[in-house]
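Here is the structure we will look at.
Every heavy atom of this structure was used, including side-chain atoms; hydrogens, water molecules and symmetry mates were not.
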Amino acid sequence: MSSIRSRGGGDERRDQDLPGGGTISVSEKKKSQQGRRGYAAPESSAVLLWTVGFLVVALLLVAFTHTYLPAPRPAAETPDTEFSEGRARRHLDALTGFGVRLVGTTANEVDTPAYLLRVLEEVQGLAGPGLDVEVDVQTVTGSFFLEFLGGFTNSYRDITNVVVRVSAAGTASKEHAILLSGHYDSTMGGPGASDDAAAVATGLELVRVLVARGRRQPLAHAVIFNFNGGEETILQAAHGFITQHKWAPTIRAFINLEAAGAGGREVVFQTGPGHAWLAMAYASSAPYPYGSVVAQEVFQTGIIPSDTDFRIYRDFGQLPGIDVAYVANGYVYHTALDTAERIEAGALQRCGENMLGVMTTIASDNLLMDAEAHQDSHAVFFDLLGLVMLCYSHRVATALNFSVALLFAGWLAANVARRRRQHLRQSFDTDDSWSAIGHGGGGGGGEAAVGLGDVVKGGVRLLAAGAGAIVCA
């Protein structure tokens, strides 16, 4: 049998008979609990509304920045000292107009090199007396072992590289150089507009811009361009250049332009090894930065069965570099759909302006003269909505990670202690607290003390409450 009796403070006490003749009282505080619950709904609705609004705005901003490309600059309206997509498009159309450019075909071994030499000869005519524009055609034979797809020996014969060096007149500026590399051969069955004629077209326009600027003020260090004719045959031409070309020993760093799609934003997907200053140079000088160290970690695990000339320059040239690629519309990669028309307007303009800024910064920096002194610093980098890129060394990243871990550990310890105190307080003043009022034997007498078994049970419940606080935290 149980009975309910009123108690001061607006609470109620329910007395319930216990085995052996005692009673238990349970205090109830329903009104205060209902009051606390009554104010939660408006606050929850406001938080939900703000959260949904923030997510909508964030998604719209991400969608805009992901697809944004600068307006292409026409040739007639662009000064000689600035990059023009209009001029680069002419080269792209000419290269893809030769059709499929497989290694060994007339299109790849005769037509394309001849076109490159005509364009470069015109650029040489623009150079002033204080600037050297040197062009060299390398025909190279060799072999190398590549730990790729199980490992194999790759042999090649009479592979062609068209190489250009832009430097101040004299020998001092030629001692240290930055390399820009792209390949003009294509895969079987496709014209290879993005992969990789777009890189070559961009490179030709960059040569012209550097020469036009160099007439006024040459860069402190040389810039070398390798337009190579054998990448799709598993990186052969890059190997021949970096191991046998006469200018290769002067190169201190490189940028490799590639594609795994058609157009869109080009992404920095690997840098190094080491040499955080390269990633920092990109972050500080590219007007449209886009890249992530996460892509580098994924690519370098080897789970993607693909590779670029970056590997050859890194492993056989022992050079640090930046690997850049178009990745949008990946379904056209290595197919007949990789045409010039599928490269959106503005894609070449974006890539050209980025590469011009990065190459100018690196070729003007004295770090290029002593690059080996900075080889131990690895870079962590990522962009924020394509507006700015954050880049810092691996040491700084380690310090940040430890700081966050310590802050989290402190917060966790404080939270555990707080919850434990709350549970201990509730165990003394809870709806389930044990309090018994004993009755005298034989049904008579006053209230007696609680039995030993009830005291032990109450203690066990207190310990359980304390342990529960730690687990919940």
Side-chain angles (χ1 to χ4, degrees), residues 98 100-114 116-117 134-165 177-190 192 195-197 199-200 203 224-260 270 272-273 299-325 333-334:
F98 296 132
V100 178
R101 300 177 303 282
L102 289 175
V103 172
T105 63
T106 302
N108 194 72
E109 306 303 329
V110 178
D111 297 338
T112 302
L116 297 178
L117 291 174
E134 304 165 84
V135 179
D136 183 65
V137 179
Q138 180 194 31
T139 302
V140 63
T141 299
S143 65
F144 61 100
F145 180 81
L146 190 64
E147 191 65 48
F148 178 63
L149 299 178
F152 60 92
T153 298
N154 194 353
S155 299
Y156 54 92
R157 183 178 180 84
D158 295 336
I159 294 290
T160 303
N161 290 307
V162 178
V163 190
V164 189
R165 181 167 68 179
I178 172 81
L179 168 70
L180 182 78
S181 180
H183 66 93
Y184 56 81
D185 65 311
S186 68
T187 190
M188 186 178 300
D195 183 21
D196 199 26
V200 176
I224 296 175
F225 296 81
N226 180 27
F227 303 118
N228 81 71
E231 191 271 350
E232 299 295 356
T233 50
I234 317 296
L235 322 177
Q236 293 175 341
H239 179 267
F241 168 76
I242 205 62
T243 59
Q244 300 184 47
H245 197 275
K246 59 185 177 181
W247 296 338
T250 66
I251 297 172
R252 304 291 178 258
F254 69 91
I255 301 173
N256 184 57
L257 297 183
E258 260 294 351
Q270 57 180 337
F299 190 82
Q300 292 185 356
T301 60
I303 62 175
I304 300 176
S306 181
D307 224 324
T308 71
D309 286 332
F310 179 97
R311 178 171 183 170
I312 298 298
Y313 298 134
R314 179 195 66 192
D315 295 351
F316 292 91
Q318 303 299 309
L319 296 172
I322 304 174
D323 214 0
V324 184
Y333 177 61
H334 281 189

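- Side-chain atoms of Tyr156 come within 3.5 Å of backbone N or O of Gly240 as a donor-acceptor pair.
- Formation of a donor-acceptor pair under 3.5 Å by the Thr141 side chain with backbone atoms of Asp158 is found in this model.
- Once rounded to the nearest 0.5 Å, the distance linking CD1 of Ile178 with CD1 of Ile255 reads 5.0 Å.
- Between Pro249 and Arg252, the closest heavy-atom pair is O-NH1, 2.7 Å.
- Judged by distance alone, the side chain of Asn108 and the main-chain N or O of Ser186 form no donor-acceptor pair under 3.5 Å.
- Residues Phe152 and Ile234 have side chains in contact (heavy-atom distance under 4.5 Å, counting atoms from C-beta outward).
- Nearest heavy atom pair, residue Gly182 against residue Ala199, reads CA-CB, 4.4 Å.
- The side chain to side chain contact (heavy atoms under 4.5 Å, CB included) test with Asp323 singles out one residue from Thr308, Asp307, Leu257, and that residue is Thr308.
- A donor-acceptor pair is defined here as one N or O able to donate and one able to accept, closer than 3.5 Å; no such pair exists between the side chain of Ser181 and the backbone of Asn256.
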Could you go step by step and tell me if Val200 and Leu116 meet the side-chain contact (heavy atoms from CB on, under 4.5 Å) rule? CA-CA 9 Å; Val200 176; Leu116 297 178; 3.8 Å; yes

Could you walk me through whether Asp185 and Glu231 satisfy the side-chain contact (heavy atoms from CB on, under 4.5 Å) test, starting with their C-alpha distance in whole Å, then the side-chain angles of each, then the deciding distance to 0.1 Å, before giving a yes or no? CA-CA 7 Å; Asp185 65 311; Glu231 191 271 350; 3.8 Å; yes

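- The minimum heavy-atom distance between Tyr184 and Gly229, with the atom names listed, is CZ-CA, 3.4 Å.
- Exactly one residue among Leu179, Ile159, Ile312, Asn228 makes a side chain to side chain contact (heavy atoms under 4.5 Å, CB included) with Phe241. That residue is Leu179.
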Residue pair Leu117, Val162: steps toward the side-chain contact (heavy atoms from CB on, under 4.5 Å) verdict: CA-CA 8 Å; Leu117 291 174; Val162 178; 4.2 Å; yes

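- The aromatic rings of His239 and Phe144 sit parallel to each other, their planes meeting at less than 30°, with 60° as the upper class boundary.
- In this structure, NE2 on His334 lies 3.5 Å from CD on Glu232, to the nearest 0.5 angstrom.
- Looking at heavy atoms from C-beta onward, Thr187 lies out of side-chain contact with Asp195 at the 4.5 angstrom threshold.
- Distance check: Arg311 CZ to Gln270 CD gives 10.0 Å after rounding to the nearest 0.5 Å.
- At least one side-chain heavy atom of Glu258 sits less than 4.5 Å from a side-chain heavy atom of His183.
- Between Arg101 and Ala107, the shortest heavy-atom distance links the atoms CG-CB, 4.1 Å.
- Under the 4.5 Å side-chain criterion, counting only non-hydrogen atoms from C-beta, Val140 is in contact with Asn161.
- Between Phe225 and Phe227, the ring planes lie parallel to each other; the angle is under 30°, not in the 30° to 60° tilted range.
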Step-by-step side-chain contact (heavy atoms from CB on, under 4.5 Å) determination, Thr112 to Thr160: CA-CA 11 Å; Thr112 302; Thr160 303; over 6 Å; no

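- Arg314 CZ to Leu319 CG: the interatomic distance, rounded to the nearest 0.5 Å, is 11.5 Å.
- Of the inter-residue distances, the one linking Asp309 atom CG with Asn226 atom CG reads 8.0 Å to the nearest 0.5 angstrom.
- Applying the ring-ring contact (aromatic ring centres under 6.0 Å, His included) rule to Phe310 yields the partners Phe254; only residues at least two apart in sequence or on another chain are considered.
- Partners of Phe98 by ring-ring contact (aromatic ring centres under 6.0 Å, His included), not counting sequence neighbours: none found.
- When atom types are taken as modelled, the side chain of Thr106 and the backbone of Val110 share no donor-acceptor pair closer than 3.5 angstrom.
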